[in-house]
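In what follows, a single structure is set out as structure tokens and then discussed.
One-based numbering, in listed order, for ligands and for the atoms of each. Any value given below was found using the heavy atoms of this structure, including those in side chains, with hydrogens, waters and symmetry copies removed.
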Amino acid sequence: MKLHNTIFRFHNPIFRFDYLILQQDITYLKGVGPERAKLLGKELQIKTVGNLLWNLPTRHIDRSKIVKICDLPSMVADTTLFGGGNDERSSVFVQLYGQIVSFSNEGTGRRNPMKAVFSDGTGFVELVWFRGFKYVTRTYKVRTPFLLLGRLSVFNGHYSFAHPELDEVKDGRIEVHMGLRPHYALSETLQKRGITSKVMSGLVANALSLLENNPPVEVLPDYVVRREQFMTKMEAFRAVHFPKDAGDLTRGQQRLKYEEFFYLQLNTLQEAALRNQHKDGFVFSKVGSLFNDFYNRFLPFSLTEAQKKVLRQIRQDLGSGIQMNRLLQGDVGSGKTIVALFTLLLALDNGFQACIMAPTEILAEQHYATFSSLLAQLPVEVALLTGNVKGAARKKILEGVKSGKIDILVGTHALIEPTVAFRNLGLAIIDEQHRFGVKQRAQLWQKNLQPPHILVMTATPIPRTLAMTLYGDLDVSVIDELPPGRKPIETRHFYQEQSAAFIELMHEQLAAHHQIYIVYPLIEHSEKIDLGNAVEGYERFRELFPNYTVELLHGRMNAYQKDDVVQQFVRGEVNILVSTTVIEVGVNVPNATMMAIMEAQRFGLSQLHQLRGRVGRGADKSFCVLVTPNNLSVDAEQRILTMCNYTDGFLIAEEDLRLRGPGNIQSTQQSGIHVPLRVASIMADTPILEKSRNDVKEFLQIDPALSHPNHAAIKHELKRVRDNNLDFSNIS
Ligand code: ADP
Ligand code: MG
């Protein structure tokens with residue numbers, strides 16, 4: 001039993017129970033059992049009592065008011081929901097308190113439903129059931145007090161309720177059924193197997209009463225709880241599931257939101273705090289001959305003002321004597337690569353090695369090609385290391401890196417493997433950050449006794465608030481200007497059946513000697529089918545465009561095959577490249593002026609934006625075409641509309657967050673950004689986010705290692721949060 005170890009680690013006996021209970025297997029909770037536990041685990045990832053409590057209701061149904069039957073006519077008159085007054089449907093939920101007087105019809109089926117008369121002493125209404133007769137007769141006794149909740153129907157002047165919810169009121173204790181009632185998001189499978197919102201709320205109530213005797217230990221610093229007058233965690237759980245009123249609900253949410261943000265940031269900021277204890281950085285004091293030669297002799301264009309500004313910020317960091325940890329944001333195509341190159345040269349000018357790490361082989365290869373050609377005339381040794389570099393070639397590179405013969409190492413994840421040892425690594429650049437976690441960055445820091453300067457570049461622009469949360473420990477630079485001469489990309493939406501217009505647009509582009517990308521989605525779990533789509537599409541386009549070269553690119557091809565196709569496209573030998581999403585990041589072919597995304601409804605916003613960024617890189621007008629089937633979900637339609645209306649990546653990112661709402665893990669995966677939030681919303685709760693961030697910083701200044709005995713609970717909770725996040729990253 002793991003849990004026992006946990007107890008021993010704490011000398012303070014107060015810790016015991018809450019961890020035992022919150023982390024207790026849900027199977028043993030009253031009302032669950034092995035079968036339900038399995039269901040809850042599978043459908044809602046609820047495995048522990050704590051998971052159950054964090055599974056918050058999506059809304060509450062107001063049961064605070066009881067209506068008298070004699071007042072129903074005025075309610076009906078009051079509301080416009082009844083249309084002409086005798087419409088039998090309504091969405092008015094009312095609550096009555098009374099008894100079943102008698103069953104007026106036994107019922108045999110849908111045509112002949114079961115009926116009862118219900119009264120509260122001020123009038124009569126009819127109850128109707130179309131099925132479940134046995135259950136009704138067994139459960140609902142006449143002349144017994146019930147609280148009734150149902151949708152009111154008016155039919156020929158009769159008031160009736162079909163399938164009302166009836167709660168027996170025992171000993172006149174009506175208040176237990178009143179107030180705001182939680183409603184949970186439940187899959188069809190769960191509902192079919194009898195796990196309704198009512199059942200869920202029963203389980204939650206059982207969990208809460210379990211906690212009542214052993215209240216959870218406080219996992220927020222005492223002074224914060226006092227200052228904010230927060231509820232205890234147990235009170236907060238009670239309030240968010242079973243609020244007394246709207247204010248109670250808000251107060252419970254505030255506490256939990258704060259806690260979520262606190263741990264999210266404690267997680268990112270702790271690493272930085274520990275590092276800051278010995279934060280000396282290498283001083284890159286001079287701008288040397290490599291930097292200057294390149295700038296004066298080989299730079300193929302002049303830098304934009306935004307690129308210059310960012311380079312100044314980077315130079316300032318590098319010269320300050322404190323280790324740089326900077327996030328460079330810039331929309332796709334804003335020219336981050338050249339900024340990276342200058343930064344690499346600064347490291348070399350000061351006698352250090354440098355490396356740049358990319359998320360895919362294709363991108364790493366492209367960086368390698370770009371740097372090698374730009375630096376061809378300068379005395380700089382550049383090498384490429386990916387998982388595909390093996391045997392003697394690999395050995396040679398590893399030796400070169402170790403001896404210092406290699407100045408710049410370009411590569412993929414392969415760079416952070418322990419076998420890669422540098423002579424003196426002074427700078428590490430990470431491209432397309434959102435695919436790397438804090439952990440991987442930390443592995444780079446360890447590549448040198450004194451940690452190298454770190455520059456992180458992200459192509460997915462993210463709002464400042466999100467940047468603060470995800471990369472809380474980084475300073476942020478933004479390239480907020482595109483290189484001159486770019487024509488805006490025109491984005492069009494075609495339904496599948498409008499293929500004639502689509503084909504015509506393709507012909508126009510090809511006639512102008514431009515190239516085209518056609519991208520098919522790739523969804524995990526059904527790679528075969530998706531690949532099938534791309535292959536089919538490839539064959540179709542070959543038939544449609546017999547005079548042009550069409551090639552296929554997909555993830556199942558080996559690195560050489562992929563590279564071969566990409567290089568042919570780069571050289572302009574391929575006119576139409578049909579691909580799965582392997583081309584998502586980084587490929588730079590300015591002559592490509594059309595990006596067609598098939599089944600566009602299956603992509604997330606940031607992915608669509610990334611893909612679109614592959615075109616519009618040259619001087620010619622470019623098109624992005626989104627092809628979808630006819631019937632789109634509301635969400636998908638919103639995304640397509642957003643793409644057609646906006647080109648600015650920051651606006652799109654904000655829209656993306658807004659559409660997603662808090663903690664939607666499913667769709668956050670699409671963007672590669674994972675924010676495990678359940679109550680808090682990055683967009684809506686910015687003030688809480690900022691407050692908790694300041695608190696975390698202050699807290700870490702006092703005890704960065706969380707080693708003070710008073711902070712044992714916080715340390716333990718952080719570990720738990722981290723362990724859980726590991727689970728999440730396995731999903732994505
Ligand atoms: P990203 O920020 O998406 O990585 P890149 O660095 O790949 O963008 O740059 C996109 C394209 O713009 C490249 O072809 C690059 O050579 C070009 N570019 C970058 N900076 C400038 C500039 N200042 N003037 C003109 N073209 C530029
Ligand atoms: Mg790039």
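- A salt bridge (charged side-chain N to carboxylate O under 4.0 Å, His left out) check over residues 284-301, counting only residues at least two apart or in different chains, returns the pairs Asp293-Arg297.
- Annotation: Phe301 places no N or O atom under 3.5 Å from an N or O atom of ligand 1; distance criterion only.
- Atoms of ligand 1 found under 4.0 Å from any heavy atom of Arg617 (numbered from 1 in listed order, with element): 3 (O), 7 (O), 10 (C).
- Note on ligand 1: Ser302 sits in its first shell, one or more heavy atoms being nearer than 4.0 Å.
- With a heavy-atom cut-off of 4.0 Å, Met457 does not touch ligand 1 at all.
- In this structure the side chain of Ile397 never reaches within 4.5 angstrom of the side chain of Val420, judged on heavy atoms.
- In this structure, a donor-acceptor pair under 3.5 Å is absent between the side chains of Asn575 and His514.
- Not a single heavy atom of Gly330 sits closer than 4.0 Å to an atom of ligand 1.
- Checked by distance only, ligand 1 and Ile338 stay at 3.5 Å or farther apart across all their nitrogen or oxygen atoms.
- Remark: ligand 1 atoms within the under-4.0 Å shell around heavy atoms of Thr337 are 4 (O), 5 (P), 6 (O), 7 (O).
- The NZ atom of Lys405 lies 4.5 Å from the CD atom of Glu381; values are rounded to the nearest 0.5 Å.
- By the 4.0 Å N-to-carboxylate-O rule, Lys336 lies too far from Asp431 to be salt-bridged with it.
- Ion pairing of Lys402 with Glu399 is absent here, as no side-chain N (NZ or NE/NH1/NH2) approaches a carboxylate O to less than 4.0 Å.
- Only the backbone of Leu303 comes within 4.0 Å of ligand 1, counting heavy atoms alone; no side-chain atom from C-beta on gets that close.
- In summary, the atoms of ligand 1 found under 4.0 Å from a heavy atom of Thr304, numbered by their order in the structure, are 23 (N).
- The Val332 neighbourhood of ligand 1 comprises atoms 3 (O), with distances under 4.0 Å to a heavy atom of that residue.
- Ring geometry, Phe342 versus Phe294: the interplanar angle exceeds 60°, so the pair is classed perpendicular (tilted spans 30 to 60°).
- At least one heavy atom of Ser334 sits less than 4.0 Å from an atom of ligand 1.
- The pair Arg639-Glu637 does not meet the salt-bridge criterion, since no charged nitrogen lies less than 4.0 angstrom from a carboxylate oxygen.
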